[in-house]
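Structure record follows, encoded as structure tokens.
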Protein chains: 2
Amino acid sequence: MSWNQQIGKKFNKQQILNYIFSKRIVSRGEIIEEIGLKKATVANLVTELIEDQLIVEDGKDFSTGGRRSQLLRFNETAGFALGIDIGVNYLYGAVFNLKGEIVFDNLQLVPTIQLDAYLKSILNLIELLMENVPPSPFSIVGLGVAVPGSVNKDGVIIIAPNLRWEDFDIRGYLRNRFDFPIYISNEANAGAYAEYIFENNKETSNLLYLSIGIGLGVGIIIDHNIYLGVNGYSGESGHAIIHMNGRKCTCGRNGCWEAYASEYALIHDATYMLKERELSLEQLITLAEEGHEDVIQLFKETGYYIGLGITNLIQTFNPEKIIIGNRIIKAQKFIEQSILDTINSNTMHFQRDNYSVQFSTLKDRAIALGAASFIIDQFIQLPFD
Amino acid sequence: MSWNQQIGKKFNKQQILNYIFSKRIVSRGEIIEEIGLKKATVANLVTELIEDQLIVEDGKDFSTGGRRSQLLRFNETAGFALGIDIGVNYLYGAVFNLKGEIVFDNLQLVPTIQLDAYLKSILNLIELLMENVPPSPFSIVGLGVAVPGSVNKDGVIIIAPNLRWEDFDIRGYLRNRFDFPIYISNEANAGAYAEYIFENNKETSNLLYLSIGIGLGVGIIIDHNIYLGVNGYSGESGHAIIHMNGRKCTCGRNGCWEAYASEYALIHDATYMLKERELSLEQLITLAEEGHEDVIQLFKETGYYIGLGITNLIQTFNPEKIIIGNRIIKAQKFIEQSILDTINSNTMHFQRDNYSVQFSTLKDRAIALGAASFIIDQFIQLPFD
DNA sequence: TAACTTTGTTCATCCAATAGACAAACAAAT
DNA sequence: ATTTGTTTGTCTATTGGATGAACAAAGTTA
């Protein structure tokens, strides 16, 4: 790769757009200070961005003793992205503006895990979403789909254990039917990206997102990028072994982290303990809230296992931030302290500097937003030619 | 950060230099094809690089039917880097040319682990190395020091367990005494960088280097860069737990990978088994070569533990290449098959695509070379002003 | 109303890449 | 030896960015 003036210009324009995107509302003066370009250059590039309809002028700042500065705002309705979260018994889709705000959404339950049935519902859902996209200069900028399983870099679902799907080229399938950009990701990576792009984590250069639902996956952000590995299978740390010859895992091996720290493991243990069938996470939380000591203890243990695995990740990554997301956050108040205590007693003092463990505040919509956020980011990164 | 023409020019010049560095000998035509710049531009920048003494013209290529092209060679003697490997009972230092070849080296045993004694020896070693640097345009481009412990980004040794050093600002100490650039790294990161820069791994974008000696550390290369984490403590995967409540580790906790897969663990087990004191890795290898079944079995078990930890790393990183280095490679023939078998039976089929596990071929000099390679790379990256 | 401050625009200048013309070096055929 | 064609390398005018400086516009304060 080589540089030329066009690339340089694009880079500067991109810097300005990124800055406005992250700050939402800024003056030309702030851009000059932040990016380091000169007045004339900023003025030219800002004019172009306004012509591109990616930003708009919006009101004036207070005066600091002279002419008031014209404020600039990111144009969040320049286009809209579709995001779909494929769950094990549900489908959730939403239309997001470029700021990640929901404009329209739809949740439906899918009574089977058959691929055919899912595909039919997905197509219907996409049609429904498309009908509800407001008119805008760029219209639909793309579709992001999050899958509970391993996806390779070509958008092929290699394996989705709980859906029992294998080797299905979902991106190809959708590309044949729609002509906007389509990006397929796994749910942990989607969650990680949503946190990175939309939760003020743009300054965090390395971040781990733990998606703890039925299973456990990790989304890894390193140096401001999602880290996918060679093929796209990074973050399968749920199947890292934390106890040799330990509990049987759904993957067939023994002692995986996921076999101890997941909704599946929790419910498995609770079923055994309470001798009841068909327990749900929500029921267990209710029991804990009612003061059921054994259930509270169970949550504590799960917290211990989660914490132990996080410790392993800290040893390996020395991350800046760890965010816990997905269904487990409903049990936050019963597991948080136990997680933090475990991390504290299993790391060395210097490993505890400059890092934080927190729970996601994006809740249910996080995965669909994350799926869409890849598309939004792609759009923001390359809107010029 | 913003772009301007000077930065653009520097970028292009850098691309050319990097290409010549990696290929060692190229024609202008190859540069034009590889980098994508035009004839005149390449000619100008190459002229500058020759004036900078970073490359030299060296012979002519065969003709392909017209004028023969002038070949360009990286000037490996433009300057020299010093590399020091601080071991637990030895000090090894070397003078490297910019291609990473040893020009002079020195190994000395240090009979104590006292910091004061080490520092004295280190200062003497540096003086000795300096006296043996050949005259050259850039002279000494810097000093790299590799430490068997955790080092933060400011070059402070936070903890070196086997030396019992804590919180010592070695970079500050050396900076007060020498005025060339100084870079402190831990031994796993040094090994990883040596493999990346000097073993034709420049195309590998993510690579894990396992330093298995007394302890176990991991050097991580992601997206062509060493990954240090927030503070510099990444790669302490030796203290990731693979067996809850398992063997006591030197760190005070139980079940760390290092407690199963390291020279320390191996010798500990062998001592127990053979009821002999003062065993060494070399002795065990001799026993295995003589056909001692129990010792051979012991190596196999160690291979199993190493493989299990590597599996965990594969789950998390989906890496392109894993290189095993440091003292354990002496036992390669007794552990390799067991490592590969373990990985094979513990990963899923798709995780076995596009990756390779191999043993380092750099041997003893790897760590010092790695330490120096940070300096060499820094020099190659920023020789202009 | 005048003086001053800050913001935003216009225009000539600078600089690196580049296209295209040209020169140099070589092989192969005549 | 000469001619022709090909490849390498250089020279020069042009292009398209950033930028400094002058200037215009829009404020505040006395």
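Per chain, numbering begins at 1; letters A, B, ... match sequence-line order.
- A salt bridge between B/R28 and B/E57 is present, with a side-chain N of the basic residue lying under 4.0 Å from a carboxylate O of the acidic one.
- We find that CD1 of B/I16 is positioned 14 Å from P of C/dA16, with the value rounded to whole Å.
- What separates CZ of B/F62 from C1' of D/dT8 is a distance of 17 Å, to the nearest Å.
- Every residue two or more places apart in sequence or in another chain was checked for a ring pair (Phe, Tyr, Trp, His ring centres under 6.0 Å) with A/Y227, and none qualifies.
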Protein-nucleic acid N or O pairs under 3.5 Å, nucleotides 18-21 of chain D:
from, atom 1, to, atom 2, distance (Å)
D/dA18, OP1, A/N12, ND2, 3.3
D/dT19, OP2, A/K38, N, 3.4
D/dT19, OP2, A/T41, OG1, 3.3

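- If you measure from atom CD of A/Q70 to atom C1' of D/dA25, you get 13 Å, rounded to the nearest angstrom.
- Pairs passing the ring pair (Phe, Tyr, Trp, His ring centres under 6.0 Å) check and including a residue from residues 2-22 of chain A, sequence neighbours excluded, read A/W3-B/W3, A/F21-A/F74.
- Considering only residues two or more places apart in sequence or on other chains, A/E33 meets the side-chain hydrogen bond (donor to acceptor under 3.5 Å, both in side chains) condition with none of them.
- With values rounded to the nearest 0.5 angstrom, B/D377 atom CG is found 8.0 Å from B/F198 atom CZ.
- Atom P of nucleotide D/dG9 and atom CD1 of B/I32 are separated by 8 Å, given to the nearest angstrom.
- Atom CD1 in B/I50 sits about 14 Å away from atom C1' in D/dT10, given to the nearest Å.
- Screening residues 27-62 of chain A for ring pair (Phe, Tyr, Trp, His ring centres under 6.0 Å) gives no qualifying pairs among residues at least two apart or on separate chains.
- With no hydrogens or angles considered, no side-chain donor-acceptor pair links A/N44 and A/E48 at under 3.5 Å.
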Using a cutoff of under 3.5 Å, can you pull out all pairs of nitrogen or oxygen atoms linking the protein to nucleotides 25-28 of chain C, with atom names and distances?
from, atom 1, to, atom 2, distance (Å)
C/dA25, O4', B/R67, NE, 3.4
C/dA25, N3, B/R67, N, 3.4

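- As rounded to whole Å, 13 Å separates atom C1' of D/dT10 from atom CD of B/E57.
- Atom NZ of A/K202 sits in a crowded spot, with more than 12 heavy atoms from other residues, nucleotides or ligands closer than 6.0 Å.
- One atom, CD of B/E33, and another, C1' of D/dT7, lie 13 Å apart when rounded to the nearest Å.
- Remark: side-chain polar atoms of B/Q70 are not paired, donor with acceptor, to backbone N or O of B/S27 under 3.5 angstrom.
- The interatomic distance linking B/Q14 (CD) with C/dA16 (P) rounds to 17 Å, in whole Å.
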